[in-house]
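The basis for the numbers below is simple: all heavy atoms, side chains too, and nothing from hydrogens, waters or symmetry mates. Within every chain, numbering begins at 1; the chains are lettered A, B, ... in the order of the sequence lines, protein sequences first and strands thereafter.
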Amino acid sequence: MKAVLTRLLQEAVAEAREQGKLKIGKNVPIILEVPKRDGQGDFATTVALSLAKEEGRPPREIASTLVSMLQGRSPLIQKIEIAGPGYINFFLSKDYWYQTLLDICEKKEQYGRSAIGTGKRVQIEFVSANPTGPLHVAHGRAAALGDALARLLQAAGYQVDREYYINDVGNQMTLLGRSTYLRYRELFGEKVTLPDESYRGSYIIEIAEEIKKSAGDRYLTGAEEAHLPFFIRTSYQTILGWIARDLEQFGVQFDRWFPEEDLYREKEVDAALAFLKAEGVLYEQDGALWVATTRYGDDKDRVVMRSNRQMTYFASDVAYHRNKFERGYDRLIDIWGADHHGYIARVKAAVAAMGYSPDRLDILIHQLVNLLREGKPVAMSKRSGEFVTLREVMDEVGVDATRFFFLMRRSDTSLDFDLELAKKASTENPVYYVQYAHARLCSIIRVATERGWRVEEEIQKATAADLAVLDLPEEQALVKQLSLYPDLVQSAAEGLEPHRLTFYLQELAAMLHRYYFDHRVVTEDLPRTRARLVLMAAVQIVLKNALAILGVGAPERM
RNA sequence: GCGCCCGUAGCUCAAUGGAUAGAGCAGUAGCCUUCUAAGCUAUUGGUUGCAGGUUCAAUUCCUGCCGGGCGCACCA
């Protein structure tokens, strides 16, 4: 509807211009908003206000010119008013609301989808935790965010791929292998001292025990160097297996797991550096190789190859992003923890240096998660290796609640996650509150069916005339909220902000609960029952669609 | 010291540059012969950190302070 009004307004401006009633008006941005208060219409625009200065006329006068152009242009508009300093308020006709309901019931799971991303491929890379330990809660937030974003962009028409980048190269892998190796020796009664930088979590001992079980004392004799590759590989594969399993249970399916090692094996790092060299942004200094990222807005130039000939992580990051673009994606999204925000400038600079517009890469930063229990912080210490894992949280509070909680806040603010609250089955818990609204609707439809209503059939054959009995203000308010859903999906997709759906859902659920409490749907009044069933079905569809974007279930019973 | 993010009700947080800044929780007072009380109603609560600037209009954009988080390696 916004699109329709925008077009009408643009036409009105153009026409006024042709008729000499407006001087300017070329490419006027039309901003439509949904007024907060009753009596201010269903949509409003401020064009007249923004034109006032250039036009040199009072905004209300301009508004009146435009309104005269708009009169009678659309049967969906009931009336147009000029208000306040020069707002133009649109009041939509009842037909519009009835059509909306029929539209929702017809489109079902397609309702809310848009085409802004049609024909565009986007890749979202997220989680990408090092395979040196199980996923912890912050990774869970990244997983929920990335997956919801993927679903959101899919709903906006994009073709989306989810990718996990595996840092399987470098010193940390050696450290991981050594840690397991030392724990393995320890299992045979040897007294070992773990170097400071070792991985100390109990999961390392688990892996060592597995190796002991399957291989016995085979690795006790001989040099450590000879056994290290085995310990590295086994630890890495075991941990990656855990990560994959946890993510799958969390409802996240990656299209591709991309090992860093591939970039080296396929000589893509070399190729990327050769490209940069040809571009003249690669130089040698103090025995190291540098990329002149400062030319593209970075604070300082960055090393890609150290003087000891070792590549830095930045080198593979450069190659990786080049690889992504070469795979034909129109748009890339990286999701990183807040501790990596210092890398944004250099990666964007590298992308620019390779000839791709940095605007095609969005880097989303998510802040940390503070785990609470009844309002008190849950102690987490990474140093001792004792941190709360995603698995523990999932197992304790359930996948739906965990995902919803992670998505309740904008990603760049830190998140308080209260385990007890997330488990609570009450109105205090937003997840249950929203899911309950859905279950409640299912229940109404069940009851109607038991009383002989063929609900699906009624919905199919309903017409606008049948819906005219929906004349209560709260019924119109509900329909209005439903009608806003497609715009919400679109703007949330544009802003990469899935959290907006959680707010929308809570509002819609509140309206539904209130309506339920005040009015009965299934009554002796057959026409009214029929119309209300359509309304309830529409609410149910939207709740389900929005929950699906978040990756949260819509239970039929609770 | 430099850079990025955040400062909104007692708490946790919303608000594409627009009309009187909104929810939830906590607090107080109520509501079950009903299609699910895992629910609903009423009510309290604000100098949007401070000071300037841009704009017809600023929580939103710009500058400077104050406070919090994070990052500033030829680390991963």
Side-chain angles (χ1 to χ4, degrees), chain A residues 31-37 39-40 44-46 48-53 58-59 83-87 89 130 132 167 169-173 175 197 285-290 298-300 302-314 337-345 365 367-368 372 375 408-410 412-416 418 421 424-433 435-437 439-448 450-451 487 490-492 494-495 497 499-500 502-504 506-507 509-510 512-523 529 532 536 557-558:
Chain A
I31 293 159
L32 273 170
E33 57 181 46
V34 179
K36 296 185 190 101
R37 273 159 233 288
Q40 297 177 341
T45 182
T46 55
L49 289 165
S50 51
L51 286 176
K53 190 166 191 187
Y87 294 95
N89 294 339
N130 290 346
T132 54
N167 288 118
V169 174
N171 198 31
Q172 41 151 4
M173 284 290 113
L175 285 174
E197 64 286 19
Q285 188 183 307
D286 305 329
L289 266 184
W290 299 71
D298 196 7
D299 291 339
K300 52 197 289 192
R302 306 293 173 178
V303 170
V304 281
M305 189 173 74
R306 293 186 266 157
S307 51
N308 66 5
R309 314 297 292 169
Q310 282 199 335
M311 293 294 183
T312 63
Y313 266 73
F314 183 56
D339 51 343
H340 288 83
H341 75 255
Y343 294 74
I344 296 176
I365 290 300
Q367 295 288 337
L368 306 177
L372 306 174
M408 281 198 309
R409 301 279 176 261
R410 245 175 42 212
D412 58 4
T413 61
S414 67
L415 172 79
D416 286 344
D418 195 308
L421 175 60
K424 252 184 209 163
S426 82
T427 174
E428 294 169 58
N429 183 343
V431 191
Y432 283 85
Y433 186 78
Q435 289 185 320
Y436 185 59
R440 203 166 223 184
L441 288 165
C442 292
S443 171
I444 292 173
I445 290 166
R446 261 197 310 273
V447 168
E450 280 162 20
R451 296 190 190 168
D487 284 332
Q490 184 169 330
S491 60
E494 281 165 351
E497 297 172 322
H499 76 274
R500 294 177 53 181
T502 62
F503 283 89
Y504 174 85
Q506 291 180 77
E507 269 174 48
L512 186 273
H513 287 310
R514 208 172 303 135
Y515 182 78
Y516 174 90
F517 190 81
D518 290 337
H519 308 287
R520 294 185 67 78
V521 174
V522 185
T523 62
T529 300
R532 287 184 173 175
M536 293 302 106
R557 291 171 198 272
M558 290 173 77

Have a look at [X] and say if it touches a base, only the backbone sugar-phosphate, or nothing, with a 4.0 Å heavy-atom cut-off.
X	value
T132(A)	nothing
Q40(A)	base
I31(A)	base
A44(A)	base
Q310(A)	nothing
H513(A)	sugar-phosphate
L32(A)	base
A439(A)	base
N89(A)	base

Under 4.0 Å between a side-chain N or O of [X] and OP1 or OP2 of [N]?
X	N	answer
H499(A)	A15(B)	yes
Y516(A)	A37(B)	yes
T413(A)	A14(B)	yes
R451(A)	C35(B)	yes
R410(A)	A15(B)	yes

- Message: Can you identify which nucleotide, out of U12(B), C35(B), G39(B), has its nearest atom closest to the D416(A) side chain?
- Response: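 Taking heavy atoms from C-beta onward, the closest nucleotide is U12(B).
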Counting heavy atoms from C-beta on, name the nucleotide in G39(B), G71(B), U16(B) closest to the side chain of E33(A).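 Selected nucleotide: U16(B).
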Could you list all N or O pairs between the protein and nucleotides 22-31 of chain B that sit under 3.5 Å apart?
unit_1: G22(B); atom_1: OP1; unit_2: R37(A); atom_2: NH2; d: 2.6

The glycosidic conformation of C32(B), counting syn as within 90° of 0 and anti otherwise, is syn
If pairing requires Watson-Crick or G-U wobble contacts with both distances under 3.5 Å, which nucleotide is the partner of [N]?
N	value
G30(B)	C40(B)
C11(B)	G24(B)
C2(B)	G71(B)
C56(B)	G18(B)

Could you label the plane-to-plane angle of the Y515(A) and H519(A) rings as parallel, tilted or perpendicular, counting under 30° as parallel and over 60° as perpendicular?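 Rings of Y515(A) and H519(A): tilted, as their planes differ by 30° to 60°.
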Assuming nearest nucleotide by heavy-atom distance, tell me which of A338(A) and P85(A) is located more 5' along RNA chain B.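 Comparing both residues, the 5'-ward one is P85(A).
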5'-most contact on RNA chain B (nearest-nucleotide basis), R440(A) vs Q367(A), goes to Q367(A)
d(L289(A) CG, M311(A) CE) to nearest 0.5 Å is 7.5 Å
The reported gap from CD1 in I365(A) to OH in Y343(A) (rounded to nearest 0.5 angstrom) is 11.5 Å
N/O to N/O distances under 3.5 Å, protein versus nucleotides 72-74 of chain B:
unit_1: A73(B); atom_1: O5'; unit_2: K300(A); atom_2: NZ; d: 3.4
unit_1: C74(B); atom_1: O2; unit_2: S307(A); atom_2: N; d: 2.5
unit_1: C74(B); atom_1: O2; unit_2: S307(A); atom_2: OG; d: 2.8
unit_1: C74(B); atom_1: N3; unit_2: S307(A); atom_2: OG; d: 3.2
unit_1: C74(B); atom_1: N4; unit_2: D286(A); atom_2: O; d: 2.6

Can you tell me whether the side chain of H340(A) and the base of G71(B) have a donor-acceptor pair closer than 3.5 Å? no
| said: Any side-chain to backbone donor/acceptor pair from H513(A) onto A510(A)? Under 3.5 Å, distance only. | reply: no
